[in-house]
Amino acid sequence: MMKKEILKLRDVKVYFPVKAGVFNRTVGHVMAVDGVDLDIYRGEVLGLAGESGCGKTTLGKAILRLVEPTNGEVTYVSKEDDETELTSLEKKDMDPFRKKLQIVFQDPHSSLNPSFTIFGSLQDPLKKFGVNSKEERRKIIGDLLEAVNMRREYMDRYPHEFSGGQRQRIGIVRALCLDPELIVCDEAVSALDVSIQAQVLQLLMQLKKDNNLTYLFITHDLSVTEYLCDRIAVMYLGRIVELCDSEDLYKNTLHPYSEALISAIPVADLDKKTKRIVLEGDVPSPVNPPKGCPFHPRCPKAKDVCKTEVPTLKKYSTNGNEHYASCHLIDLPEIS
Amino acid sequence: MAKTSLDKKFDQIKKREEEKSFSTKKRSRIVSKFLNNRLAVFGLIIFTIIILASLFAPLLSPYDPMRVDLRSMRQAPSFDHWFGTDSTGRDVFTRVLFGGRVSIFIGLGSAILSAVVGIAVGCYAGYKGGWIDVIALRVSEIFMSFPQIILVLLLVSITGQSLFNLMAIFILTGWGGMYRLARARMLSLREEEYVQALRSFGLSTFTICYKHMLPNALSPIMVNITLSTAMFILTEAGLSFLGLGVPLNIPTWGNILNVAQDILILQNYWWMWGPVGLVISVFVLCVNFIGDGLRDSTDPSQQG
Ligand SMILES: Nc1ncnc2c1ncn2[C@@H]1O[C@H](COP(=O)(O)OP(=O)(O)OP(=O)(O)O)[C@@H](O)[C@H]1O
Ligand code: SF4
Ligand SMILES: [Mg+2]
């Protein structure tokens with residue numbers, strides 16, 4: 001089957017101004033997302049991994065225009081192949097696309113409004129998108145609650161009556177209530193207990209199958225992504241440094257940063273144990289990213305070129321699959 | 001369809017969830033915490049008594065607060081006149097009851113109206129940010145830095161003394177504090193994920209900030225309303241004492257107190273100013289107790 005895009009990101013940048021002084025002047029920018037090119041295909045699970053602060057959440061929000069991209073294009077491709085560039089749309093023209101793109105958040109404690117029952121907080125979006133009768137809204141929410149293995153009656157309860165895992169499932173209900181096509185799962189399980197993580201992940205996968213969803217699965221934990229994701233993008237300081245099939249990321253790692261991340265995954269099998277690559281230093285500030293390759297101050301393989309020249313994301317082939325990476329030291333033939 | 005092991009697992013979880021007893025409602029926790037605070041409950045009781053007494057003043061007192069009775073001038077407290085009578089023979093107790101109506105109306109009314117203005121501006125500006133917020137912030141600073149007493153003198157000399165002028169001044173100088181409180185709450189609430197989720201549905205700014213966010217910002221505002229009520233009542237008393245507040249023909253607590261300007265009365269007729277001063281102090285104290293109790297019981301960081 002031909003892979004068809006659902007979303008195309010081109011040179012997406014999100015800069016937050018840094019203000020200081022009495023006059024609140026802009027003294028610099030946090031380059032949270034700094035030039036991301038990415039295609040998301042219909043029906044896939046695309047993992048987005050990277051350390052804390054590398055801009056994963058910001059990229060996810062930029063897709064939904066919860067933060068406005070400073071630059072670049074986000075193009076939505078419908079099932080009928082109609083393309084719409086989202087960032088240049090007027091706010092009110094976004095509405096038809098807001099239905100299609102949704103997000104599940106990380107923190108189950110702040111993801112639900114403490115002053116409203118579940119039905120109370122979920123009914124306004126439904127109302128806005130034309131579900132006018134109250135019975136119908138109750139039916140939709142009730143059905144979805146059952147789909148995430150909760151009882152219909154829970155819709156009349158308040159958030160503080162639920163556990164973290166339950167709240168996260170309610171967050172999933174909210175994302176699903178308008179029948180979306182793509183869901184950004186922003187560390188949707190990281191705040192949960194490990195045993196509950198597995199349940200919620202299985203639930204997400206089941207829902208994906210039932211509803212033909214596409215996921216952008218944001219995580220800082222590469223051990224989860226391998227089994228879940230079709231492809232994985234690794235991010236560092238606002239850029240994508242490696243993008244390939246998830247199997248290839250573990251077997252044919254090309255970028256030294258991904259290598260370090262993978263070596264940090266705890267392994268149960270002692271024989272398989274590889275030497276852990278410890279990254280020195282902290283993530284550099286996204287206000288003043290290092291010159292040359294942004295990773296060079298911490299890269300165990302860094303050479304002189306790395307300090308001056310910025311590597312670009314190039315296309316290679318491993319295992320017969322497309323494999324993108326941005327590093328000067330890859331000795332595979334580049335594919336145009 | 002055959003049940004997979006996954007289904008079974010979910011069934012188990014479901015059962016556990018059903019068995020789990022759910023905690024009681026959040027609201028009742030706040031109420032019970034408030035009721036555990038002795039001072040606050042005491043305050044609430046006295047507060048209610050004073051309000052009811054002024055509301056039902058005509059039933060409690062046979063006298064007319066305005067009627068001059070020159071035969072019974074300056075009588076000391078007695079069974080007929082609990083707080084005595086004043087220089088024109090009016091019953092002081094009755095005047096305190098009726099004065100309470102106006103004073104409490106001014107205090108509570110100004111506090112609530114300035115909260116309404118402050119919340120309306122603060123919620124929107126705090127949520128939206130940008131230039132609207134900057135302008136609102138500067139305007140509120142101007143109003144808050146303007147000395148109240150000069151504003152009162154100005155307005156009194158321009159438009160004359162009236163109850164509504166006084167309330168207008170209280171609202172003009174009072175909304176800034178409420179605005180800042182509402183704005184600060186909104187600034188922290190707008191990063192909450194449920195707000196982001198609402199935005200991701202493209203709901204209107206009004207729905208998001210007034211319907212969904214405001215209820216979560218209300219408790220510090222409620223506390224502030226009680227505290228401002230107390231403050232406004234005191235200010236009214238002060239201004240009326242100086243003869244700048246409500247016109248003297250309307251009985252208010254401050255206007256009753258006004259007679260104490262006369263050194264003769266201050267020295268010889270304690271009942272004309274003593275009881276009303278006490279009522280003002282007790283009422284303000286009770287309102288403050290209620291405010292403190294509210295603050296403690298709605299503050300999530302103070303458990304217990
Ligand atoms: N609203 C904002 N204003 C200013 N800076 C911001 C804002 N939001 C994010 N940032 C900065 O942008 C950078 C990327 O943040 P982001 O939340 O996208 O990281 P992340 O990869 O999701 O990290 P985590 O794994 O901790 O969630 C960080 O340096 C952060 O401080
Ligand atoms: S370009 Fe150089 S510094 Fe950057 S990842 Fe490759 S080897 Fe390391
Ligand atoms: Mg994040």
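Numbers restart at 1 for each chain; the letters A, B, ... are given by sequence-line order, proteins then strands. The analysis underlying the following values was restricted to heavy atoms, covering all of them including side chains, and did not include hydrogens, waters or symmetry mates. Every value quoted in this text rests on a predicted model; they were computed, and no experiment measured them.
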Check each atom of [X] against the heavy atoms of chain B and say whether the ones under 4.5 Å are side chain, backbone, both or neither.
X: Lys91(A); answer: neither
X: Leu178(A); answer: side chain
X: Asp124(A); answer: both
X: Gln102(A); answer: side chain
X: Leu112(A); answer: backbone
X: Phe116(A); answer: side chain

Return yes when atom [atom1] of [X] has more than 12 non-hydrogen atoms of other residues, nucleotides or ligands closer than 6.0 Å, and no otherwise.
X: Tyr210(B); atom1: OH; answer: yes
X: Lys128(B); atom1: NZ; answer: no
X: Phe42(B); atom1: CZ; answer: no
X: Met222(B); atom1: CE; answer: no

| task | Grab the two heavy atoms, one from Glu192(B) and one from Ser110(A), that are nearest each other, plus how far apart they are. | result |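 Scanning both residues completely, I find the closest heavy atoms to be OE1-CB, 3.3 Å.
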| message | Rounded at 0.5 Å granularity, tell me how far OG in Ser115(A) sits from NE2 in His212(B). | response |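 One finds 10.5 Å between OG of Ser115(A) and NE2 of His212(B).
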| Among His109(A), Lys127(A), Gln106(A), residue most engaged with chain B (heavy-atom pairs, under 4.5 Å) |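 When all of His109(A), Lys127(A), Gln106(A) are compared, Gln106(A) has the most.
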| message | Let's test your reading of the structure: which of Lys61(A), Lys92(A), Arg98(A) forms the most heavy-atom pairs below 4.5 Å with chain B? | response |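 Option with the greatest count: Arg98(A).
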| said: Strictly less than 4.5 Å between heavy atoms, which residues of residues 193-208 of chain B line up against chain A? Please order them by number. | reply: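 If one takes a 4.5 Å heavy-atom cut-off, the residues of residues 193-208 of chain B near chain A are Glu193(B), Tyr194(B), Gln196(B), Ala197(B), Leu198(B), Arg199(B), Ser200(B), Phe201(B), Gly202(B), Leu203(B), Thr207(B).
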